[in-house]
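Just so it is clear: chains get the letters A, B, ... in the order the sequence lines come, proteins before strands, and each one is counted from 1.
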2 protein chains.
Amino acid sequence: MKPENATYFHSIQIYMFNKETEYALRSLVYIQSQNNQGLRPGIEEIATAAEAPQSFTAKILQRLVRVGFINSIKGKGGGFYFEKDKPDLPLKELIVAIEGDSLFNKCGFGMKNCSCENPCPIHNDYGIIRDEINRLVSEKTIQNLAQEFNYIGIGV
Amino acid sequence: MKPENATYFHSIQIYMFNKETEYALRSLVYIQSQNNQGLRPGIEEIATAAEAPQSFTAKILQRLVRVGFINSIKGKGGGFYFEKDKPDLPLKELIVAIEGDSLFNKCGFGMKNCSCENPCPIHNDYGIIRDEINRLVSEKTIQNLAQEFNYIGIGV
DNA sequence: TATTTAGAAGACAAAAAGGTCTTCTTATTT
DNA sequence: AAATAAGAAGACCTTTTTGTCTTCTAAATA
């Protein structure tokens, strides 16, 4: 006797990126877009624009400074900025720094030794998806997104 | 003074599916593949084959029984099985039941109101990926995978 | 140089995901 | 009917993710 219209009794969320990556992504794009206008936003402004929790964003940005993706200036008039002469930052670099490369390597079916010789049941189809993700995050840079962002206007 | 070769000081894992979905997927495929041979595996056998924690898998399978995806028989000689006359189960149904549909709906950039009229900076590229994921999980069924699984042989 | 502003650092806390264990129920077998 | 086998149910625990708060440090300015 099983209930016919029963639903799974809890619901979990899954996203392409986790929160940390998502906040980092939006924050960096905002920083770059402000830099483009000669401005150097502070943490409060960034968190608001990126719709991200301020303290958490502060911590994330600190890490990104440490890794060398962005620079910061302390004290009055301080804020975050990209160094002008650095090459554009592909999204993939950011993602790998934060999440590692499991998104780009791990088997979709969870097999440990999934390979072309010993493929999982969704090996080929999943490969297409992974290649597409790889292409997107390798080609697009924070600076690309900031351009579009400027064009589209704010409103994350 | 920032360290030049610094790495992000922690690492988080991100996968296409979460553990629960992954275990469910592998368990169901195993159940189907055994059913194909006239067998009705029990929880211990399934968990071992799916390389999933036994108690956790038991809980997941209980939920899947409640939702009606599979059936079970208690007591000696019991086990799990798919009802013969039910239509094949697309992966998407399983995923949506467990995780909800955020994988198929949510904006990759995390914008609340991302749409074609008000697109996020990666709207189009991400759309391609999402469509591809959608196609994969809509077309493929547990029964499809079980066929391939039988062909490939066990060894998740 | 004192004050103020703003990022840095890290301890701490809440929530979600992942997982275990015990007890109960149902079916089979002797 | 008793014993045994195996799934059902749910309390409970652990780890990871997500997030806050306080204190420290550096820069600018009056």
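- The distance from atom CD of B/Glu22 to atom P of C/dG19 is 10 Å, rounded to the nearest whole Å.
- At a threshold of 4.0 angstrom between heavy atoms, the contacts of A/Ser55 include nucleobase atoms, whether or not backbone atoms are also involved.
- At a cut-off of 3.5 Å, with distance as the only test, no side-chain donor of A/Glu148 or A/Asn144 sits close to an acceptor on the other residue.
- Hydrophobic clustering, with ILVMFWY side chains joined whenever heavy atoms are under 4.5 angstrom apart, groups A/Leu136 together with B/Leu103.
- Applying the side-chain hydrogen bond (donor to acceptor under 3.5 Å, both in side chains) test to A/Ser72 and every residue at least two apart in sequence or in another chain returns nothing.
- For D/dG19, the base has no donor-acceptor partner in the side chain of A/Lys19 [N/O atoms by modelled type, under 3.5 angstrom].
- Shown here are the salt bridge (charged side-chain N to carboxylate O under 4.0 Å, His left out) partners of B/Lys19, two or more places apart in sequence or in another chain: there are none.
- Ranking C/dG19, D/dG19, D/dG7 by closeness to the A/Lys59 side chain, first place goes to D/dG19.
- An OP1 or OP2 oxygen of C/dA8 is reached within less than 4.0 angstrom by a side-chain nitrogen or oxygen of A/Ser72.
- Atom CD1 in A/Ile60 sits about 11 Å away from atom P in D/dT20, given to the nearest Å.
- Distances from the side chain of B/Arg66 to the nucleotides D/dA9, C/dG18, C/dA9 place D/dA9 closest.
- Look at CG on B/Asn71: it is 13 Å from C1' on D/dG7, rounded to the nearest Å.
- When rounded to the nearest whole Å, the span between CZ of A/Arg40 and P of D/dA27 equals 12 Å.
- For the pair B/Phe56 CZ and D/dC13 C1', the interatomic distance rounds to 13 Å; values are reported in whole Å.
- Look at CD1 on B/Ile70: it is 11 Å from P on D/dG7, rounded to the nearest Å.
- For B/Glu132, the salt bridge (charged side-chain N to carboxylate O under 4.0 Å, His left out) criterion is met by B/Arg135, not counting sequence neighbours.
- Nearest nucleotide to the side chain of B/Asn18, out of C/dA9, C/dG18, D/dG19: C/dG18.
- Taking B/Ala47 as the reference, B/Gln54, B/Thr57 meet the side chain to side chain contact (heavy atoms under 4.5 Å, CB included) condition, with sequence neighbours excluded.
- Rounded to an integer number of Å, the gap from CD of B/Glu99 to P of C/dA16 is 16 Å.
- Sorted by first and then second residue, the ring pair (Phe, Tyr, Trp, His ring centres under 6.0 Å) pairs with a member in residues 38-90 of chain B read B/Tyr23-B/Phe56; sequence neighbours excluded.
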Write down the protein N/O and nucleotide N/O pairs, taken from nucleotides 26-30 of chain C, whose separation is under 3.5 Å; answer none if there are no such pairs.
none

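- Nearer the 5' end of DNA chain D, as judged by each residue's closest nucleotide, is the contact made by B/Leu61, out of B/Leu61 and A/Gln54.
- Phosphate proximity of C/dG19 to B/Tyr23: present, with a side-chain N or O under 4.0 Å from OP1 or OP2.
- Protein atom CD1 of B/Ile98 is 11 Å distant from nucleotide atom P of C/dG18, rounded to whole Å.
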